[in-house]
Amino acid sequence: MAHNTTHEGSATKRIWFVFGILSVVTIAEVILGIIKPAFLTDTMFLGMRLLNWIFIILTIYKAYYIAWSFMHLEHETKGLRRAIVWTSIFLISYLIFILLTEGGYIYEVYKNGHVAWDF
């Protein structure tokens, strides 16, 4: 009985490729977190340090790529892929907006000397 190994070989190659991409992104995050370059920590963009924005973007990229490859979105119809991806992008953007807005408010409350938590 001969077995078809071409499918198994391509699946194994695909898994290693995905592993490589996710590893490179994770290693980049870890290196940036350890080194913390001054130009990224001193530069502010939309109320947050540029380094934090890089972490958010890389994390969203990893989440998208995990869903794309391991949840088999690459083999789904275009409409389903767009529904999942655009909904996720909208919700993550909304969450970031809310966190920045509320975080700025709480920062201003403490900066102005208010001590009570009655807001």
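Predicted model, so just to flag it, every value in this text is computed and none were measured. This chain uses plain numbering: 1 for the first residue, then up along the sequence.
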Side-chain heavy atoms nearer than 4.5 Å, only ILVMFWY residues, links allowed to pass through others: does that put [X] and [Y] together?
X     : Y     : value
Ile21 : Ile54 : yes
Phe55 : Ile66 : yes
Phe17 : Val25 : yes

Please identify each residue that fulfils side chain to side chain contact (heavy atoms under 4.5 Å, CB included) with [X], with sequence neighbours left out.
X     : value
Ala67 : Met71, Leu73
Ile57 : none
Ile96 : Trp53, Ile56, Ile92, Leu100

Taking salt bridge (Lys or Arg N to Asp or Glu O under 4.0 Å) as the cut-off, I'd like each qualifying pair that reaches into residues 18-28, sequence neighbours left out, listed once.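 Listed by first then second residue: nothing to list.
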Going by the salt bridge (Lys or Arg N to Asp or Glu O under 4.0 Å) test, which pairs reach into residues 87-107, not counting sequence neighbours?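 For residues 87-107: none.
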Please list every donor-acceptor pair under 3.5 Å in which a side-chain atom of residues 40-51 meets a protein atom from a residue at least two apart or in another chain.
unit_1, atom_1, unit_2, atom_2, d
Thr41, OG1, Pro37, O, 3.3
Thr41, OG1, Ala38, O, 3.2
Thr43, OG1, Phe39, O, 2.5
Arg49, NE, Thr41, O, 2.8

For the side-chain contact (heavy atoms from CB on, under 4.5 Å) test, which of Val30, Val24, Ile31 pairs with Ile27?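 Single pass found, and it is Ile31.
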Pair listing, side chain to side chain donor-acceptor pair (under 3.5 Å) test, anchored in residues 17-40, at least two apart: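 Of all non-adjacent pairs touching residues 17-40, those that pass side chain to side chain donor-acceptor pair (under 3.5 Å) are Thr26-Lys62, Glu29-Thr59, Glu29-Lys62.
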What side chain to side chain donor-acceptor pair (under 3.5 Å) pairs are there with at least one residue in residues 78-101, not counting sequence neighbours?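 For residues 78-101, and leaving out neighbouring residues, there are no side chain to side chain donor-acceptor pair (under 3.5 Å) pairs at all.
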If you group Ile, Leu, Val, Met, Phe, Trp and Tyr whenever their side-chain heavy atoms sit less than 4.5 Å apart, what else falls in with Phe90?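 The other cluster members (ILVMFWY side chains, heavy atoms under 4.5 Å, direct or chained) are Leu91.
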Starting at OG of Ser69, measure out to CG of Leu22 and round the result to the nearest 0.5 Å.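 Ser69 atom OG to Leu22 atom CG measures 6.5 Å (nearest 0.5 Å).
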Partner set under ring-ring contact (aromatic ring centres under 6.0 Å, His included) for Trp16, not counting sequence neighbours: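 With neighbours one apart ignored, the set is Phe19.
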